[in-house]
Amino acid sequence: MSQTLLLLPGDGIGPEVIGEVRRVAAALTPDLTLDERDFGGISYDRHGAPITEEAIATALASDAVLMGAVGGPKWAGAPRDKRPEMGLLGLRKAMDVYANLRPALCFDALADASSLKRELVAGLDIMFVRELTGGVYFGQPRFIETLPDGQRRGIDTQVYTTSEIERVSRVAFELARGRRNKVHSLEKSNVMETGLLWREVVTDLHRRDYADVQLEHMLADNAAMQLVRQPTQFDVLLTDNLFGDVLSDEAAQLTGSLGMLPSAALGAAGKPGLYEPIHGSAPDIAGQGVANPLAAILSFEMALRWSLGRAAEADRLFAAVEAALAAGARTRDIGGALSTAEMGEAVLRAL
Ligand code: IPM
Ligand code: MG
């Protein structure tokens with residue numbers, strides 16, 4: 001039976017970078033069926049919601065889902081529950097993709113593009129495992145209220161259960177075994193109850209099932225500092241939804257360009273994964289054909305590897321991206337002048 005990849009190009013530079021994925025897929029995996037739906041602001045404009053029920057059902061029935069980017073100033077005034085970002089959170093929740101893998105890899109050819117010195121980032125290869133469907137992003141209650149004295153008060157709730165912590169921690173430990181066998185678990189157990197529970201559950205799971213993996217607990221603020229002091233000390237970093245959001249942006253910048261980094265959000269085995277470049281919709285350069293398509297192309301690479309069972313094609317694609325970079329292919333964000341399409345062509349040539 002043929003496999004289906006659902007493309008959600010979205011807004012801003014999303015359609016431009018996903019266009020290059022289409023070309024790569026046509027060359028590398030011609031038997032893969034590509035489907036497509038509106039997502040984000042464009043879906044709101046056309047259908048009145050950032051993602052339709054039909055698109056969610058299509059996503060759940062696909063083998064993998066690859067999105068471009070969502071959002072932009074045009075929708076800043078949209079009703080809060082109709083904002084593009086809410087479509088993304090809703091899709092993550094509906095797909096139950098609780099483990100977000102965010103690699104921060106420094107390609108040797110780009111080590112000088114980092115804002116840190118080359119000797120600090122050369123060879124950097126770390127993997128964030130961010131919990132993606134719980135925590136303060138989804139916790140109830142959440143609201144803004146007006147108090148009797150006229151002040152307003154905003155409330156969010158950070159909440160985690162044992163099973164939510166355990167299932168994402170398993171992903172981190174399993175991944176570490178295939179890498180350098182080291183997990184840093186990040187929380188604020190010194191001030192937060194959820195942080196304390198997080199530390200206890202991770203410790204317990206480690207003792208029961210993963211004693212062969214090296215585990216260190218680190219406070220999230222210290223981790224933020226260690227990431228710019230000596231990032232190569234890390235292998236796998238396990239953390240909750242909010243700390244993972246913040247710290248993975250920091251880690252991304254270490255590698256030289258946000259335009260380079262892919263991500264994978266995974267749920268239970270056999271369920272479709274959700275793949276996305278970690279960059280946003282970049283409204284400032286949208287429509288100019290200058291966005292770097294490599295994060296989207298590498299997200300496709302992760303989909304081949306983690307959802308579609310095509311490791312050989314994934315290896316070929318990864319090698320092609322490395323070869324294109326080594327041959328000097330650079331878009332503007334990494335110090336060159338290639339257009340989006342020209343970077344796509346450089347990868348196709350290397351393939
Ligand atoms: C990310 C983004 C999203 C998040 C936004 C767009 C909702 O920042 O994927 O890191 O906060 O998760
Ligand atoms: Mg983020």
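As the structure is a prediction and not an experimental result, all values here were calculated from the model.
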Return yes if a side-chain donor-acceptor contact under 3.5 Å exists between [X] and [Y], otherwise no.
| X | Y | value |
| --- | --- | --- |
| Q158 | N241 | no |
| R102 | N100 | yes |
| Q253 | D249 | no |
| E164 | T161 | yes |
| D11 | W75 | no |
| H217 | T203 | yes |
| S2 | T33 | yes |
| S189 | W198 | no |

Can you confirm whether more than 12 heavy atoms, excluding those of E193, are under 6.0 Å from its CD atom? no
Other residues, nucleotides and ligands only: do more than 12 of their heavy atoms fall within 6.0 Å of CG on L147? yes
Is the shortest distance from a Lys or Arg side-chain nitrogen in [X] or [Y] to a carboxylate oxygen in the other one below 4.0 Å?
| X | Y | answer |
| --- | --- | --- |
| K188 | D221 | yes |
| R179 | E174 | no |
| R330 | E342 | no |

When rounded to the nearest 0.5 Å, the distance separating OH of Y275 from CD of E301 is 10.0 Å
Under 6.0 Å from the six-membered ring centre of F300 and within 45° of its axis: does the NZ or CZ of R310 meet both? no
All pairs passing ring-ring contact (aromatic ring centres under 6.0 Å, His included) where residues 323-351 contributes a residue, at least two apart: none
Evaluate the side-chain proximity of T133 to E131: yes if any heavy-atom separation is below 4.5 Å, no if none is. yes
Applying salt bridge (Lys or Arg N to Asp or Glu O under 4.0 Å) to R177 and not counting sequence neighbours gives D212
Closest heavy-atom contact between P79 and Y44? CD-OH, 3.3 Å
